[in-house]
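Have a look at the structure below before the remarks.
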Amino acid sequence: MPVHFGQGRNGKMQTVYSTFSKLRGLLSAPDIAIDLGTANTRLYARGRGLIADEPSLVAIDRVTGEVAAVGVRAAALADEGRRRRVSPLRAGVVADLDATVSLLEPLIHRASRFGWARPRVLACIPTDAGQEEQAALEKAVRAAGASAVAIVPEPLAAAIGAGIDVASRHAHMLVDIGDGVTDIAVIRESELIATSALRTACSDLHEAVKRRVVRQSGVLLLEGEAERLTREIGTARGLNLVGDFSAQGRHRVSGRPIVVRVGRQEVATSLEPIIGRIVEAVGRAVKALPPKTASEIIESGICLTGGGARLHGMAELIETETGVTVKTAPDPMRAVINGARQMLDVAAQTDLWTN
Ligand SMILES: Nc1ncnc2c1ncn2[C@@H]1O[C@H](COP(=O)(O)OP(=O)(O)OP(=O)(O)O)[C@@H](O)[C@H]1O
Ligand SMILES: [Mg+2]
C-alpha cells in the first residue's frame with residue numbers, strides 16, 4: 001500500500017516515490033551474511049533470518065559428474081555408493097572452488113525472493129588466510145550469485161556474535177575452535193590488535209580417534225563415527241576414565257562390517273596431543289601480549305566459540321593452562337553468523353563492499 005505524506009503535486013510525488021522504493025525493496029535481493037565453515041555453512045538473509053545451517057558438503061554423481069545435492073541432503077545421499085561426497089573447504093579456506101560454488105549457489109538462491117536479483121554478500125575468513133585464499137573465497141561467492149562482496153575476519157564476527165563489546169577501549173580475547181582452524185584474536189576498539197591461527201581443530205581430533213582405533217583394533221570407523229565418539233565421550237580432561245562405547249566400522253583387511261568397542265580413555269588419549277597443540281597456541285598468544293594488554297585480557301577473560309568450545313573440559317583446560325578466566329559463548333557454533341549478521345548493518349552504511 002502506498003503511503004501518503006501530503007497533498008497536491010508534492011504529495012503525489014512522494015506517494016509515487018514511496019511505492020517505487022517499496023517495490024524496489026520487494027524485488028531486490030536482501031543482503032546476506034555467510035559463515036562458510038569447514039564443517040558447517042550458515043547463511044543469514046536480512047529480513048528473513050537464518051536461512052541455512054547445514055554441513056559444508058556437496059554430493060556428486062559418480063557417473064554423470066553432476067551435483068546431486070548439497071548441505072543436509074548431500075550428507076543423507078552420500079552413502080548410496082553412486083555419489084561421492086566432497087568437502088569444499090579445508091582448514092577454513094576454499095580447497096575446491098567449483099564445489100564451493102555448487103554449495104553456495106542454491107543457498108544464496110534460497111535467500112533471494114524472486115531468484116533473479118543478485119544480493120550483496122558479507123563472508124567471513126580466518127585471520128591467517130593469504131591473498132590467494134581470500135581471492136578464492138571472493139570468486140566463489142561472486143560465482144554463486146553475489147553482486148558485491150565484503151570479507152571480514154572470522155574472530156571479529158565471532159566476538160560480536162558472542163556479545164562482546166568489541167568497540168571497547170579495553171582489550172578482549174576471542175578463540176574460535178572450528179572444524180579446520182583455531183583462530184585466536186585480541187580485539188580493541190573494533191580492531192584486531194593481535195591474531196594467530198592454527199590449522200588444527202576438531203577435524204584433527206576425529207582423525208586422531210580414527211588412527212587410534214585402526215591401530216588398536218584394525219577397524220576403520222565408518223564416516224561420522226569418530227566425530228560422534230569425540231562429541232559424545234571425548235574430553236579434554238582425560239585421566240582414569242572408565243567405560244567403553246560401540247562404534248560402527250569395517251575390518252581393515254576383510255572389509256566386513258564390525259561393531260567395535262572404544263574406551264573412553266582410549267578416545268581421551270588420542271585427543272590429547274591435538275588438544276595440547278590448541279591449548280599451547282592460546283597460551284603462546286597470551287604470553288606474547290604487551291603487559292598492559294595482557295592485564296586487560298586477564299580482567300576481561302577469554303571467550304570461546306566454535307564447535308570445539310563444546311568439547312567436554314576444553315574451557316577448563318585452557319583456563320588452567322593460561323591462568324585466564326575462560327567463558328564459552330552462549331551459542332558457540334552460531335557466534336560467527338550472529339556477528340556477521342550484525343556486521344551487515346555496518347556494511348550497509350559504510351563502504352565495505354567491493355563490486
Ligand atoms: N559437543 C561437541 N564436542 C566436541 N566437538 C564438537 C561438539 N559439537 C560440535 N563439535 C565439532 O565442532 C566442529 C564444527 O564446529 P564449527 O561449526 O564451529 O566449525 P566450522 O565453522 O565449520 O569450521 P572452521 O571455522 O574451522 O572452518 C565439528 O568438527 C564438530 O564435530
Ligand atoms: Mg567456523
Side-chain angles (χ1 to χ4, degrees), residues 21 24-26 28-37 40-53 92-93 104 107-108 111-113 117-129 131 133-135 137-142 144-176 178 181 183-195 197 296 300 303 305-306 329-355:
S21 63
R24 196 179 52 181
L26 269 176
S28 69
D31 290 343
I32 293 174
I34 301 184
D35 170 16
L36 181 61
N40 300 297
T41 295
R42 290 143 186 137
L43 261 86
Y44 168 90
R46 197 205 270 273
R48 305 264 314 265
L50 189 73
I51 55 157
D53 186 348
V93 293
L104 290 178
L107 300 183
I108 289 179
S112 327
R113 283 192 189 88
R118 291 159 68 84
R120 298 190 293 191
V121 173
L122 179 142
C124 307
I125 198 159
T127 56
D128 69 338
Q131 271 179 3
E133 290 165 334
Q134 176 153 342
L137 174 63
E138 216 174 304
K139 197 170 171 187
V141 171
R142 273 182 211 286
S147 62
V149 183
I151 309 271
V152 298
E154 211 163 300
L156 182 60
I160 295 170
I164 292 174
D165 176 13
V166 295
S168 167
R169 287 168 61 191
H170 212 86
H172 289 82
M173 184 180 252
L174 189 289
V175 178
D176 183 88
V181 60
D183 219 336
I184 306 165
V186 178
I187 303 158
R188 182 192 281 134
E189 294 181 280
S190 305
E191 304 247 323
L192 302 185
I193 57 168
T195 62
E296 288 175 14
S300 57
C303 178
T305 61
D331 190 355
M333 290 173 76
R334 288 196 177 157
V336 172
I337 193 65
N338 286 338
R341 184 190 81 189
Q342 294 176 55
M343 291 175 94
L344 271 185
D345 296 334
V346 179
Q349 291 153 23
T350 53
D351 203 17
L352 271 183
W353 306 105
T354 52
N355 289 304

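Computed over heavy atoms, backbone and side chain alike; hydrogens, waters and symmetry mates excluded. We count residues from 1, following the sequence as given.
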Handout entry: Residues in side-chain hydrogen bond (donor to acceptor under 3.5 Å, both in side chains) contact with T127, at least two apart in sequence or another chain
Key = D183
Problem - Counterpart residues, side-chain hydrogen bond (donor to acceptor under 3.5 Å, both in side chains), relative to E133 (two or more places apart) - result: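 For E133, the residues satisfying side-chain hydrogen bond (donor to acceptor under 3.5 Å, both in side chains) (neighbours in sequence not counted) are R199.
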Practice task
Report the C-alpha separation of D35 and R334 in whole Å, then their side-chain angles, then the decisive distance to 0.1 Å, and conclude whether the salt bridge (Lys or Arg N to Asp or Glu O under 4.0 Å) test is met.
Solution key: CA-CA 9 Å; D35 170 16; R334 288 196 177 157; over 6 Å; no
Practice task
Show your working on side chain to side chain contact (heavy atoms under 4.5 Å, CB included) between I108 and I34 and close with a plain yes or no.
Solution key: CA-CA 9 Å; I108 289 179; I34 301 184; 4.1 Å; yes
Exercise for the section: Could you check D345 against R46 for side chain to side chain contact (heavy atoms under 4.5 Å, CB included), going step by step and ending with a plain yes or no? Expected result: CA-CA 9 Å; D345 296 334; R46 197 205 270 273; 2.9 Å; yes
Testing the basics here: between [X] and [Y], what is the closest heavy-atom pair and its distance to 0.1 Å?
{"X": "V149", "Y": "A146", "result": "CG2-CB, 4.2 Å"}
{"X": "A158", "Y": "V336", "result": "CB-CG2, 3.7 Å"}
{"X": "P30", "Y": "P119", "result": "O-CB, 3.2 Å"}
{"X": "Q342", "Y": "G161", "result": "NE2-CA, 4.4 Å"}
{"X": "I337", "Y": "Y44", "result": "CD1-N, 3.9 Å"}

Problem - Side chain to side chain, T354 and R142, heavy atoms closer than 4.5 Å - result: yes
Problem - Separation between OG1 of T195 and CG of L174, rounded to the nearest 0.5 Å - result: 12.0 Å
Handout entry: Exceeds 12 heavy-atom contacts within 6.0 angstrom, atom CD of E191
Key =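 12 or below, so no.
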Practice task
Would you sort out whether L104 and V141 count as a side chain to side chain contact (heavy atoms under 4.5 Å, CB included), showing the intermediate values?
Solution key: CA-CA 7 Å; L104 290 178; V141 171; 4.1 Å; yes
Practice task
Would you please test M333 and D53 for side chain to side chain contact (heavy atoms under 4.5 Å, CB included) and show each step?
Solution key: CA-CA 10 Å; M333 290 173 76; D53 186 348; over 6 Å; no
